[in-house]
Number of protein chains: 2
Amino acid sequence: MGAVNIKKLAFELNLSAATVSRALRDSHEISRETKIRVHEMAKKLNYEPNPFASSLRKQKSKTIAVIVPEIANNFFSLAINGIEEVARERDYHVLIYQTHESSEIETSFLMRLLSGRVDGILISLACENVDKEHLKKISSQLPVIFFDRVHDDIEGVKITTDDYESAYNAVQHLIENGCKKIGYLLALNTLSTGKNRLRGYLDALKDNAFPDDKELIMESGASSDENYALIKKLITEQKPDGILSSIEELAMPCYYACKELQLNIPNDLKLISFSNLAHAELLNPSLTTINQPAFEIGVEAAGILFKIFNKRWYEPNETIILKSNLIKRESTRASF
Amino acid sequence: MGAVNIKKLAFELNLSAATVSRALRDSHEISRETKIRVHEMAKKLNYEPNPFASSLRKQKSKTIAVIVPEIANNFFSLAINGIEEVARERDYHVLIYQTHESSEIETSFLMRLLSGRVDGILISLACENVDKEHLKKISSQLPVIFFDRVHDDIEGVKITTDDYESAYNAVQHLIENGCKKIGYLLALNTLSTGKNRLRGYLDALKDNAFPDDKELIMESGASSDENYALIKKLITEQKPDGILSSIEELAMPCYYACKELQLNIPNDLKLISFSNLAHAELLNPSLTTINQPAFEIGVEAAGILFKIFNKRWYEPNETIILKSNLIKRESTRASF
DNA sequence: TATTATTCCGTAAACGTTTACGTAAATAAA
DNA sequence: TTTATTTACGTAAACGTTTACGGAATAATA
């Protein structure tokens, strides 16, 4: 603990702690000369105000929390990057928590944050989400911004991407490139994010007069091993010639499955996925992706939170939708 | 701010705040029945102790800071994942800061953390590191653990990987697979981490009686555009048949450069890189990597920090070295 | 019974800030 | 000159905990 506090500083300067405090915060009540003296001494003694005393008194933490399912994820790490940069500009601190998709862990974090430890929360919901009550309680006490993984039943400010359109366009792209039977790797289905992607897929099929075949939809399982098995099953049993994956984590196994099953992407099977893989271009074959503006989502979410702090935001229920980018690559190239 | 505090709780229970506090912390001075009453009321009223009041009084923050160059990086996001998991087990909070390789930003974070905001720091140094004084000052006041990006001149507990051996073995592997002229993509050269990798490369060359050609070493530039140009220059001018990249960020451009220059990996050029890419297997061709145990490094670093907190660690200068994994893939396959 | 120990709880101070309130001195206005 | 205003600072309370100290009631011991 920095041994030098405001009292010591005041003592050295022959001033009261109150005056030092005001001088440091550039109050108009303090003379120019005194301010200079105080600042010089503060620098000399390497004074750093105790944040807990300050937070306790001011009832402000200058800290925000970010709750995500996983940090080691191309999308979330980029989003956190954006959030951190915005926070840094404002001299705010960023606490991170990962839920590993567990609703229980998520709730436990949220409850702990009711203590006043943070001034606001940015959250991307865990899949296994059922518990809306805690979220409602929290957001009645603290500003909460939802990003990407959102839930329509929970009120609040939300930053998402155009999931429906992206999925719709992805299917359209597959169809235009010759697909006749398109599978879907379903994830996030408890969240609006996942539901919108699924609707986009289904509507695109319908609009193209494709049959509505539930067997073509593979719902992601508990483990990556299970997912791999399910994907192989889907491919071998249903023999789709195109697949839309709603998350990156389900697209990668497709590559391995196709290798194992000796199927060629894109000739035997075209693949497109929601993904923030930095080097989708370098995969074999390069992967057609729906790229979400992850960094920008983080920046936007954090920006709105700060607007709320500064009372410059008055839309408690606005949903802001950023556009994803469909990047066409080899994995969906038309076959001959 | 949670409106219910310890005084309100005490009032509701007809007890003093002191008793409530002690009951909640399971003090032996409080009777069993009272403890039960207190806990029940606390749960009923959703009481969460104010962390700032507690930290102020106890001079403990239950928070650690993680300072890394970038969050959106396969290595660092995995390390943070490990750190967060360990912190969660202990009910600690994790603050993250990214330096973007700037020594100035790094120093500014460190100075701000002198305030007592955190009980300890886990840091992976920025490349642009010259300023050792601030680090020495900080580590004299707070436990600081260095991981991966370390500097020998700075004393402290360090968690690294076997950088020297990994680089040495990588070169050996290239030579065994037929390389006669091996380039090196140099990064982190201001840090021991980078220096060790470079030494490994140089020593392996020497031990194999390869000429010591400075032209084969490309030092990474300021931007990724510049790096790309430098890599192309190295490849076209020096015509190496093997390249060891000291960081993932320099290996990816090699793929693009080879594509542009119509060179085949591995036939014209074999490539190996330090990397934590999850799907190196899926690149075209799959990339031979030196895979660092990033998650484990995070776990280990955080674990030691907590041992220090609990006075169960007495080696202020120990360096713990975890082993990296050389995973041989297509990009270094012997040519015919 | 008298004395000592134990159990259980309350009082009050302390952690380091910030800020409402007060005030003396200097300046301006009447 | 007197009064009002402004300037510049100090005093003390407050934020919500934790904990040293003390003490009454009860239990144990002599």
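Just so it is clear, the model here is predicted, and its values are computed rather than measured. Naming convention: chains lettered A, B, ... in sequence-line order (proteins, then strands); numbering from 1 in each chain.
- Between the C1' atom of dT17(D) and the NZ atom of K60(B) lies a distance of 16 Å, rounded to the nearest Å.
- Side-chain proximity of K58(B) to dT19(C), dT19(D), dG16(C): nearest is dT19(D).
- In this structure, CZ of F52(B) is placed 15 Å from P of dT17(C), rounded to the nearest angstrom.
- Comparing dT17(D), dC15(C), dT17(C) against the side chain of P49(B) picks out dT17(D) as the nearest.
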What's the verdict on side chain to side chain donor-acceptor pair (under 3.5 Å) for S31(B) and T34(B), showing C-alpha distance, side-chain angles and the deciding distance? CA-CA 5 Å; S31(B) 73; T34(B) 304; 2.8 Å; yes
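- Between R57(A) atom CZ and dT17(D) atom P there is a gap of 16 Å when expressed in whole angstrom units.
- Distance CG (N5(B)) to C1' (dG16(D)): 6 Å, rounded to an integer number of Å.
- In this structure, Y92(B) and F309(B) have parallel ring planes: the angle between them is below the 30° cut-off, well short of the 60° mark.
- One finds no side-chain N or O of Q59(B) lying less than 4.0 angstrom from the OP1 or OP2 phosphate oxygen of dT18(D).
- Nearest-nucleotide mapping onto DNA chain D: of L15(A) and S54(B), the residue sitting toward the 5' end is L15(A).
- Here dT17(C) presents its P atom at 17 Å from CG of N50(B), a figure rounded to the nearest Å.
- Residue F147(A) forms a side-chain contact (heavy atoms from CB on, under 4.5 Å) with just one option from I123(A), L322(A), V68(A), T160(A), and that option is V68(A).
- Side-chain N/O atoms of S16(B) include none lying less than 4.0 angstrom from OP1 or OP2 on dC9(C).
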Assess whether side chain to side chain donor-acceptor pair (under 3.5 Å) is satisfied between E128(A) and S103(A), documenting all intermediate values. CA-CA 5 Å; E128(A) 187 214 345; S103(A) 172; 5.4 Å; no
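- We find that CG of L56(B) is positioned 17 Å from P of dA13(C), with the value rounded to whole Å.
- Within the 4.5 Å cutoff, side-chain heavy atoms of Y47(A) are placed close to those of I6(A).
- Checked by atom type, the side-chain pair S115(A)/N50(B) shows no donor-acceptor distance below 3.5 Å.
- Contacts between residues 6-13 of chain B and DNA chain D, counted as heavy-atom distances below 4.0 Å, involve I6(B), K7(B).
- Screening residues 73-91 of chain B for salt bridge (Lys or Arg N to Asp or Glu O under 4.0 Å), with sequence neighbours left out, gives R112(A)-D91(B).
- Between E101(A) and R149(A) a salt bridge is recorded (basic side-chain N to carboxylate O distance below 4.0 Å).
- Contact check on D119(B) versus K62(B) returns no salt bridge, with no Lys/Arg side-chain nitrogen under 4.0 Å from an Asp/Glu carboxylate oxygen.
- For the segment residues 21-45 of chain A, residues with any heavy atom less than 4.0 angstrom from an atom of DNA chain C are, sorted by number, S21(A), R22(A), R25(A).
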